[in-house]
Amino acid sequence: MEKVSTLVVSSPNVQYTDDFILSDYEYEETLVTKNGHELLARPYRTSLKIRTGRKVGKVGVMLVGWGGNNGSTFTAAVLANRHHLSWTTKNGKMDSNWFGSITQASTVRLGIDDKGLDVHVPMSQLLPMVHPDDLVIDGWDISPLNLADSMARAKVIEYELQQKLRKEMAAMKPRPAIYDPDFIAANQADRATNLIKGTKYEQYLQIRADIKDFRDKHKLDKVIILWTANTERFCEVRPGVHDTSENLERALRNNDSEISPSTIFALAAIDEECCYINGSPQNTLVDGVVERAELKGVFVAGDDFKSGQTKLKSVLVDFLVSAGLKPVSIVSYNHLGNNDGKNLSAPKQFRSKEITKSNVVDDMVESNQILYKPGEKPDHVVVIKYVPYVGDSKRAMDEYTSEILLHGTNTIVVHNTCEDSLLAVPLILDLVLLADLFCRVSFRRGDNHEWTSMHSVLSPLAYLLKAPMVPAGAPVVNALFKQRGCIENLMRACLGLQPNHHMQLEHKVPFLMKELHTGTLFSKDSPPTKKAKLAQNGDQ
Ligand code: NAD
């Protein structure tokens, strides 16, 4: 692809200042009301001003579970890309890349050229985003191994690349972390020797001190905290403990046994005004945590990276249901042999994973009442087994059976073998980069002067998460391409561009086709509002 350095939108609806991109945006929806048997669809429009901060600043990321497979692989990937490292395998010379990251390795359709052909740009070029090379990394782990040894333990990175990274990563050592054997599997106990002692409140204070220390040491503008530690069991949500920020504070000070380590990390992050992202399934982000985030104007997002089997499920079921086929049975088996699999071999931790994996088709099923009666769902079973030999190379086997025409059946079987952490790490990167971006976006109505950030529960990150959290009362979207459309179109809105509609009328309506071919289409009735100009390297 042609290298694009800057994207400039040329439109009366968009203004660039030193600090911001300001867009005047007409947000359009259709209000549907029901009157007896009549459905009334009424288009409506909301005039918004959208402001995106252009100054990216210096961003740090702190990983909880830094020494795990994901944490060590993430660090290795950032360093390998930063130093443009190459290594040799039996297949020849390999170069570093960010495949699997939507911000770094996917493109967005920007518009059309004068021949009516699609023009795509890297997603990272749409709006000012942190460059992965510039991320500063730190973190905590209950295991004391330095990052080089963690990387070797994970057995994910190719040997020669490990050798090239070894020196730099050996100097990185996870900070002591909070260990509560009641929340992760008993089989993790032997690695838990790098611990913060004291009461839960003292542990919370230590995490806050760690965040401050990291921020000050590297003079960071922003720190994002991301949990990629072991899956915890669900905490038992109790009224008077987890329901409000105040109750949570009291319970924390009282050393309440149902305050999980991850909830302590989340509270410490929020109180340090850091965005907190939960990459595992457990219910860290209880109501009291969300209330705290809202009070502090901080973002939280979760739960559980959507990396492999569930990602495919959220595409396949969407395809089946939108094709008018009726999935009636979805059965998913997994086996894996990494430490995540070992932890998930304990029933309570497996249960957390089972919950986040199980609701992933609900929105697609509920969208089609021709196929499903209200409340009806396909049979859906998820099995996970621990098989040490396969290590990080997870096997996922899925069987999708659908009812088709006149009650025939159609069964699709999918077998997927993939190194789990090499799928999850690009998602960690995207979560951090997109969270940082969306923290810089704010909205106001044309007639109001006060800018408002997005809701504290950062649901636009849903594409990257298995069980996306949404603000109370908002619908959960699992369908992958809707989730991606949300990210893309939000970014377009920040640039005053309408959502991608994929109609391509220039190639379907004869008089438009003719105008396109004679070169009169764009001069005719399109105001400059829809024109975007790509400034090539050095143009600006
Ligand atoms: P891992 O077991 O290799 O790493 C987890 C690390 O967390 C370990 O080093 C462990 O010592 C550490 N840890 C445990 N409790 C801790 C605590 N309280 N504080 C700090 N550190 C702690 O697992 P992984 O493969 O890196 O996966 C990490 C998490 O991501 C798991 O919960 C997993 O379910 C989730 N996840 C992974 C994928 C994927 O890899 N494709 C997808 C979705 C979700």
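For ligands, and for the atoms within them, numbers begin at 1 and follow the listed sequence.
For K377 and E366, the salt-bridge test fails: no basic side-chain N is under 4.0 Å from an acidic carboxylate O. The residues R175 and D210 are annotated as salt-bridged, a charged nitrogen and a carboxylate oxygen being separated by less than 4.0 angstrom. Checked for salt-bridge contact, D304 and K466 meet the test: a charged N lies under 4.0 Å from a carboxylate O. Between E258 and R233 there is a salt bridge, since a side-chain N of the basic residue sits under 4.0 Å from a carboxylate O of the acidic one. Salt-bridge formation is detected for the pair K222/D436: a Lys NZ or Arg NE/NH1/NH2 atom is positioned less than 4.0 Å from an Asp or Glu carboxylate oxygen. The pair R292-E249 meets the salt-bridge criterion, since a charged nitrogen lies less than 4.0 angstrom from a carboxylate oxygen. By the 4.0 Å N-to-carboxylate-O rule, D134 lies too far from R82 to be salt-bridged with it.
Each of the atoms 31 (C), 32 (O), 33 (C), 34 (O) of ligand 1 lies under 4.0 Å from some heavy atom of T231. If you number the atoms of ligand 1 from 1 as listed, the ones under 4.0 Å from a heavy atom of A424 come out as 39 (C), 40 (O), 41 (N). Every atom of ligand 1 with a heavy atom of S280 under 4.0 Å away is listed here by number and element: 29 (C), 30 (O), 31 (C), 32 (O), 35 (C). Those atoms of ligand 1 that come under 4.0 Å of a heavy atom in V64, given as number and element, are 19 (N), 20 (C). Of all the atoms in ligand 1, the ones that sit under 4.0 Å from a non-hydrogen atom of N230 are 2 (O), 5 (C), 7 (O), 10 (C), 12 (C), 13 (N), 14 (C), 15 (N), 32 (O). Below 4.0 Å from some heavy atom of G65 lie the following atoms of ligand 1, by number and element: 6 (C), 7 (O), 12 (C), 20 (C), 21 (N). Applying the 4.0 Å criterion to heavy atoms of G67 picks out, from ligand 1, the atoms 9 (O). Under a 4.0 Å criterion applied to the non-hydrogen atoms of D420, ligand 1 contributes the atoms 39 (C), 40 (O), 41 (N).
The protein heavy atom nearest to atom 23 (O) of ligand 1 is D340 CB, 3.8 Å. Among protein heavy atoms, atom 44 (C) of ligand 1 sits closest to D304 OD1, 2.9 Å. Nearest to atom 22 (C) of ligand 1 among the protein's heavy atoms is A229 CB, 3.5 Å. With hydrogens left out, the protein atom closest to atom 35 (C) of ligand 1 is G279 O, 3.7 Å, a heavy atom. The nearest protein atom to atom 2 (O) of ligand 1, hydrogens excluded, is given as N339 ND2, 2.7 Å; this is a heavy-atom distance. For atom 18 (N) of ligand 1, the nearest non-hydrogen atom of the protein is I178 O, 2.7 Å. Of the protein's non-hydrogen atoms, T228 O, 3.0 Å is the one closest to atom 28 (C) of ligand 1. From the protein, the heavy atom lying nearest to atom 37 (C) of ligand 1 is N70 ND2, 3.7 Å.
Both tests pass for K326 against the ring of Y372: distance under 6.0 Å to the centre and angle within 45° of the axis.
Within the 4.0 Å heavy-atom criterion, neither part of N343 lies near ligand 1. When non-hydrogen atoms are compared, ligand 1 lies under 4.0 Å from the side chain of W227 (C-beta onward) but not from its backbone.
Counting only distance, with no hydrogens or angles, the side chain of R395 and the backbone of S393 share a donor-acceptor pair below 3.5 Å. Looking at K342, its side chain never comes within 3.5 Å of a backbone N or O of Y386 through a donor-acceptor pair. No donor-acceptor distance shorter than 3.5 angstrom exists from the side chain of D95 to the backbone of S86, with no hydrogens or angles considered.
For atom 20 (C) of ligand 1, the nearest non-hydrogen atom from the set A177, P261, S260 comes from A177. Comparing S307, P176, S421, S150 by heavy-atom distance to atom 42 (C) of ligand 1, the nearest is S307.
Residue N69 has at least one nitrogen or oxygen atom sitting less than 3.5 Å from a nitrogen or oxygen atom of ligand 1, judged on distance alone. Any N or O atom pair closer than 3.5 Å counts here, and G71 shares no such pair with ligand 1. No N or O atom of D392 sits closer than 3.5 Å to an N or O atom of ligand 1. An N or O contact shorter than 3.5 Å is missing between Q188 and ligand 1 by distance. Annotation: K466 places no N or O atom under 3.5 Å from an N or O atom of ligand 1; distance criterion only. Here's the thing with G68: one of its N/O atoms is less than 3.5 angstrom from an N/O atom of ligand 1. Not one N or O of Y179 is nearer than 3.5 Å to an N or O of ligand 1, by distance alone.
None of V64, L195, T263, I207 except one satisfies the side-chain contact (heavy atoms from CB on, under 4.5 Å) rule with I178; the exception is I207.
Residue contacts with ligand 1 do not include G308, since none of its heavy atoms lies under 4.0 Å from the ligand.
Judged by distance alone, the side chains of D430 and S101 do bring a donor and an acceptor atom under 3.5 Å apart. In the model, W66 has no side-chain atom that pairs as donor or acceptor with a side-chain atom of D138 under 3.5 Å. Side chains of S72 and R153: no donor on one and acceptor on the other come within 3.5 Å.
Here the straight-line distance linking atom CG of L422 with atom CG of N70 works out to 9.5 Å at 0.5 Å rounding.
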